[in-house]
Structure formats: C-alpha cells, structure tokens
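This one's a predicted model, so the numbers in the text were calculated from it and none came from an experiment.
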Amino acid sequence: MQSSLKPDRRKVVVFSLTTFFIASLLVGWWIRKVTFPIYFNGKLIPWYGLKVNPAGDVLGNPEEAVKDFRQIYAVMERYRREHGKLPGAGELMKELPRDAFHTPDFGRSDIHAAFSDTTAEYIWQYPAERPNGQAYPATPKPGERDVWMICDTYARMNQTVFRDRHSEYSPKGCYVVLWSDGTVEKIPVRDVIYYQTGRNEWTLGFRGETGLPTKVTSLTEHLGDKRNFNRVLPGS
C-alpha cells in the first residue's frame, strides 16, 4: 500500500518528528541539569551557582591581625635574644593572651567557611621550611627575609561554584604577613604567588621571601584552571 503523503510532505513530517525528538531530549537534559541534586561541601548547588562563603562579603578589619603580629614579634625577638633560637608555639602562648592569636573576623573567613571546626587561625610558617627546603634560621643573613606568620582571614576568594563544577572567583582583601625583620605587611590578595611543591601541589608564597624558586605563578593563573574552565573575574 502506497503512502498517501507526497514526497515533500513526508520530508516535512520526518523533519518535524526528528526536531521534536531532539528538542525533547534537550529539554529533558536541561531539566535534569537544573534539578538533579549536586552538592559542594555538603551544600546544594542551585541552578544559578553556590556562593561558597556568603559571610565573606563583610571583610572586617585587617588591623586586628596587624596588632596581634606586633605583639607576637615583640615576644619572639625577646626570646631570640635570650635563647638564641625562635620560640615554639607553647612558649609564645605562655607569654601572650589567647586573643592575641585570633581576630574577631575569623568567623567570616574562607577557611572557617570550608572547615567550621578549625580553631587555629594564624599560619605558623617559621617552624616549617623555606620554599627551597632549608630550615628557617633564628637570625637570617643580611639580604635574607623570611615569612614567619601569615593571617589569611582577610583574603577572600569570593568563589561561586556552578553545577558543572567550574568556579568563578573575584578575589578581594589581603594577607597579613609577619616578616623576620619585624615588618607587618598587608599584601593585596591579587599580588601573592604560588610555587610548585609536588606534581599537583602548589604553595602560597610572597614576593621577596628568601628561597623562592625561579618559576612561580600568579593567583589568577593558579585559580583559573583552564581544564576545569575556572575563571577569575577582573578586580574592581
């Protein structure tokens, strides 16, 4: 039995059915894309993206960390003169009150948003090693400069995670750094660098510290991983 549809009409019908089938697949895919539950750090990612640390919009006052670091350095300098070495955490905590190691803004920091049970705020750098693997000396040689402590409470990445797992960042704020010469510096977050310490491991660094390798990468290059289509938005 021959079809009653003319050849041109049959083409139109086939094209319409094919278009409808493809459109149905795309609509189904889109509905699944925006409704299927996807989580990041235990939080549901909505279709418009998840802001990882919404509390970080309020930066706080970096001078809180500056004040603490000046107190800490005074104790470290006195201990170094008396003992010829740098004090451990225990010695420092005996000399200073507890609030000298915390700021009132820690609860809004990125690290607190990611690990709410974190109690340590400041990064104790000097008990570890220089970027080149050498131990930190109690007294650096002339021309040398070491990072002794870091506060990242005021460094906000403003990360938004999307359902396809890529992220957008709008870094703002600063790192507060205690240097071995007693200088306390507020370093803008976009001015920091990273250096490689393993196959897929990168460590935060600061320009001017002793032992940095020749090859370093910027914050924008570090966060903007092209393989995951991550993007760092221009600074305001």
Side-chain angles (χ1 to χ4, degrees), residues 22-65 101-125 149-177 186-206 216-236:
I22 293 173
S24 298
L25 289 177
L26 289 174
V27 169
W29 170 83
W30 184 84
I31 291 174
R32 185 178 185 277
K33 179 179 175 64
V34 300
T35 60
F36 187 79
I38 299 176
Y39 296 87
F40 179 82
N41 286 350
K43 298 177 182 177
L44 180 67
I45 304 176
W47 64 270
Y48 51 82
L50 172 70
K51 190 160 187 177
V52 176
N53 181 23
D57 289 343
V58 179
L59 184 65
N61 184 10
E63 290 297 325
E64 295 284 351
F101 301 94
H102 295 279
T103 72
D105 302 309
F106 182 51
R108 293 192 287 264
S109 67
D110 286 356
I111 190 68
H112 188 272
F115 306 100
S116 58
D117 60 343
T118 299
T119 56
E121 180 173 3
Y122 298 150
I123 301 171
W124 301 62
Q125 196 80 348
M149 296 187 78
I150 304 167
C151 173
D152 59 4
T153 294
Y154 302 98
R156 307 288 166 78
M157 297 300 113
N158 292 310
Q159 179 186 9
T160 299
V161 180
F162 296 90
R163 292 175 61 84
D164 63 359
R165 298 295 186 176
H166 91 276
S167 290
E168 286 185 354
Y169 300 88
S170 182
K172 292 182 176 62
C174 65
Y175 289 88
V176 182
V177 174
K186 292 180 289 187
I187 299 177
V189 68
R190 290 177 183 264
D191 290 348
V192 302
I193 55 176
Y194 287 82
Y195 57 93
Q196 195 163 8
T197 52
R199 183 175 180 182
N200 295 308
E201 296 178 359
W202 295 81
T203 299
L204 174 69
F206 301 91
V216 298
T217 187
S218 69
L219 175 79
T220 298
E221 293 168 332
H222 179 68
L223 293 180
D225 186 346
K226 295 180 180 179
R227 294 170 299 176
N228 296 325
F229 303 101
N230 293 337
R231 191 160 70 101
V232 180
L233 303 178
S236 57

Can you tell me how far apart [atom1] ([X]) and [atom2] ([Y]) are? Round to the nearest 0.5 Å.
X	Y	atom1	atom2	value
Thr153	Ile123	OG1	CD1	8.5 Å
Gln196	Thr203	CD	OG1	9.5 Å
Gln159	Leu223	CD	CG	8.0 Å
His222	Asn230	NE2	CG	10.5 Å
Trp124	Ile150	CH2	CD1	13.0 Å
Arg156	Asp57	CZ	CG	9.0 Å

Is [Y] close to [X] at the side-chain level, that is, under 4.5 Å between some pair of heavy atoms?
X	Y	result
Leu59	Lys172	no
Leu219	Met157	yes
Lys51	Asn158	yes
Tyr194	Leu204	yes
Thr220	Tyr169	no
Asp152	Asp110	no

Does the plane of the ring in [X] sit parallel, tilted or perpendicular to the ring in [Y]? Use 30° and 60° as the thresholds.
X	Y	value
His112	Phe106	perpendicular
Phe162	His166	parallel
Tyr175	Phe206	perpendicular

Provide the closest heavy-atom pair for [X] versus [Y] in the form atom of the first, atom of the second, distance.
X	Y	answer
Ala155	Val189	CB-CG2, 4.0 Å
Gly60	Tyr154	C-CE2, 3.9 Å
Ile45	Val161	CG2-O, 3.5 Å
Ser170	Leu233	CB-CD1, 4.3 Å
Val232	Pro171	CG1-CD, 3.8 Å

My understanding is that only one of Arg108, Glu121, Glu64 makes a side-chain hydrogen bond (donor to acceptor under 3.5 Å, both in side chains) with Thr103; could you say which? Glu121
